[in-house]
Amino acid sequence: MASRAPVELDFLGLRPAAAEEAAADHRRGSTGTASSIRGMKTSAIASIGARQLRRVIAGGETPAPAPMTLFYNGAVATFDGVSQDKAEAIMKMAMEVTTSNGGRVVRGDAFSGNFAKDMPLTRTKSLQQFLQKRKERLSATGPYQVGPGGTGGVAAAATKSFRVKEEAA
Amino acid sequence: MGGEAEAGERQLGRVLSFGIPDTALGLVMGYVEDPWDRDAISLVCRHWCRVDALSRKHVTVAMAYSTTPERLFRRFPCLESLKLKAKPRAAMFNLISDDWGGSASPWIRQLSATFHFLKKLHLRRMIVSDDDISVLVRAKAHMLVSLKLDRCSGFSTPSLALVARSCKKLETLFLEESAIAENENDEWIRELATNNSVLETLNFFLTDLRASPEYLTLLVRNCQRLKTLKISECLMRDLTGLFLTAQTLQEFAGGSFEDPDQQAVNRNYENYYFPPSLHRLGLLYMGTNEMQILFPYSAALKKLDLQFAFLNTEDHCHIVKRCPNLETLEVRDVIGDRGLQVVAQTCKKLQRLRVERGDDEHGGLEDEQGRISQVGVMAVAQGCPELTYWAIHVSDITNAALEAVGTFSRNLNDFRLVLLDREAHITELPLDNGVRALLRGCTKLRRFAFYVRPGVLTDVGLGYVGEFSKNIRYMLLGNVGESDNGILQLSRGCPSLQKLELRGCLFSEHALAMAALQLKSLRYLWVQGYRASPTGADLMAMVRPFWNIEFIAPDQDGPCPDFRKQILAYYSLAGRRTDCPPSVTPLYPAF
């Protein structure tokens, strides 16, 4: 039976840490995770409409539920009171939708065992150094920089404009 | 070789040469410069091979370990120009350890003892020691016209000073992106300025070397033929004298701008002087308030490098719309779709476009509009029909955009697309049909890179790649395919594919081995990320004579090292490497 721990489903692989952990679990063949849902191809869920999901969840009154957070299409929705059965029903629906589309499960997460997350794009050293310098420059400037007493930034701006006025005179 | 056999050969040779004497044959061959044509000529018969070899002026050894210096000299004793490459391309992206290999020493030893006509040497991605340079200089200083140490490491500035002092005929000194240890500041530039008067190209762009305006100006004054000057970094405000002196300069890069907050006076770059001959520029850290430096010259610019500028999307639009004569443009993806639309409208003569990857990390601070999608790609395809080289990092792409490339960018010989991880959701998946249309349309394509994410190119898509890559010689594929079928389908086609790089794909060892055997032109294979067999023996299915197979163990630091192991396989007449570091294991030949 599911614990009171929140069931979090990251369909779009937006949470690399969670995905890596899940992938690691998957590879080790561990069943010690909080719910049985993790082992499934949760990316299938992405093809269900959000409204449909809400209907399913609102429909039941099963006791001892856990909150469910869904990341879908750039939006995040949290549902309180989702029971294990409900959650599994959602999974099942997603799988059906997916298979009816011709059985193509679009892989975009770590579950499929691809190496994309383990092998991120790397840059050349020159570009890396340049972007680092850029970051330093941009964080050093800026009008809302927190200076001593919290007004350092404002003071600096004031000084600057004073100097400009002087030159113009 | 027995006298009789030789006479017989000569007989056969004369027959095939239609009675043309060797001298004449050599002269005729001299007009054939394309290395692929020369390769074909050398295969006609042994006689022609010999004549070709004696008349060949330049050779590129794409993989230094594929032959030995002695073998090269035996075949091409009259060589005037040599280019050698050693480390895998992945080394440029920090994926190869420093001790992998690629030492130039055995080559330079051979060059110094023989190769009596050598004037030009180009080493790329190799390790060159100070000792190597001193040996080279001692032997070839009186002849060296061009020395290029390109993305090399292992030497220091005193060696550059030695080259400067000794090689009086040097017209080209190229050190771009090399890692050079600095001793004695920039004395080597002064040595160059005072010892050389024929220099045409000096390039130490993207190195960490110091360069003083005084010595640079001295150089420009003394080397009246200087056409290309690309330096590491020097403030533009200190280079005004240099530009007034450099009346023949055509290309300049590396001038930089200081932090506007740190400078005492707000500098105005409106009337900065550049010589009228200057048509190629690349400036570092140029910001919004400094880009006006380009405006008086924009209309004449043929090449512009903004990869290292601090500009936003709007700035890019402002600049590009003033540059109708651009032939080469290099930017980061901060240019955005909007900027690319301006490129499409303005730069009708554009031949080379490179859109590098900007800062796309969280809190990366790049412009919000600074991302490329199918909109920008379609615009450029339709607006710039003269493109021959196009490398682009996109955040989203569609089949229609790839089709547009195939329809309009007919002159492409090199196309590279990388799909970044910025967007979780890609508009249209898969892109099989778009890729097919692109490959069918761009018939001149010789180099192709498609680095995407799972789901973008299916096994069917890989089949298309195999089917429609008639002339492609080099391919880099990242995160493509769904199963072993993909690579197997690809390998049934790609008749011209010589060099294949795969990263992040999930093909099994066995499939990779089968593919390698099937690709009929393949001579170099690099793979990072594959499904290993339990014993590691599946890979040996591709064992065959002269096919070196090496396993590169991953660096154990960092996450999931297991996935980052690499396979490197290449044809070699040199046998097994003898200088492997601990991380490289030669699997074949075994000894």
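Chain identifiers are assigned alphabetically (A, B, ...) following the order of the sequence lines, protein sequences preceding nucleic acid strands; residue numbering begins at 1 within each chain. For the numbers below, each heavy atom of this structure counts, side chains included, while hydrogens, waters and symmetry mates do not.
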Please classify the contact of B:Y451 with chain A as side chain, backbone, both or neither, using a heavy-atom distance under 4.5 Å. side chain

With the side chain counted from C-beta on, respond yes when A:Q129 and B:D208 share a heavy-atom pair under 4.5 Å apart, and no when they do not. yes

B:L95 side chain near A:T122 side chain, heavy-atom distance below 4.5 Å: yes

Which word best sums up how the rings of B:F308 and A:F130 line up, parallel for under 30°, tilted for 30 to 60°, or perpendicular for over 60°? perpendicular

Heavy atoms, side chains only, cut-off 4.5 Å: are A:R134 and B:F310 in contact? yes

Please report the shortest heavy-atom distance between A:R137 and B:E258, naming the atom on each side. NH2-C, 3.4 Å

Looking at B:N94 and A:R123, would you say the former's side chain and the latter's main chain have a donor-acceptor pair under 3.5 Å? yes

Minimum heavy-atom separation for B:R357 to A:L127, with atom names? O-CD2, 3.5 Å

Rounding to 0.5 Å, atoms OG (B:S256) and NZ (A:K133) come to a distance of 7.0 Å

What distance separates B:E176 CD from A:S126 OG, expressed to the nearest 0.5 Å? 8.0 Å

Answer with side chain, backbone, both or neither: which region of B:E423 has an atom nearer than 4.5 Å to a non-hydrogen atom of chain A? neither

Measuring from atom NZ of A:K125 to atom CE of B:M92, what distance do you get when rounded to the nearest 0.5 angstrom? 14.0 Å

Side chain to side chain contact (heavy atoms under 4.5 Å, CB included) between A:L121 and B:L420, worked out: CA-CA 8 Å; A:L121 276 171; B:L420 297 172; 3.8 Å; yes

Could you tell me the separation between the OG1 atom of A:T124 and the CZ atom of B:R151, rounded to the nearest 0.5 Å? 8.0 Å

Measure B:V418 against the heavy atoms of chain A and call it side chain, backbone, both or neither at under 4.5 Å. side chain

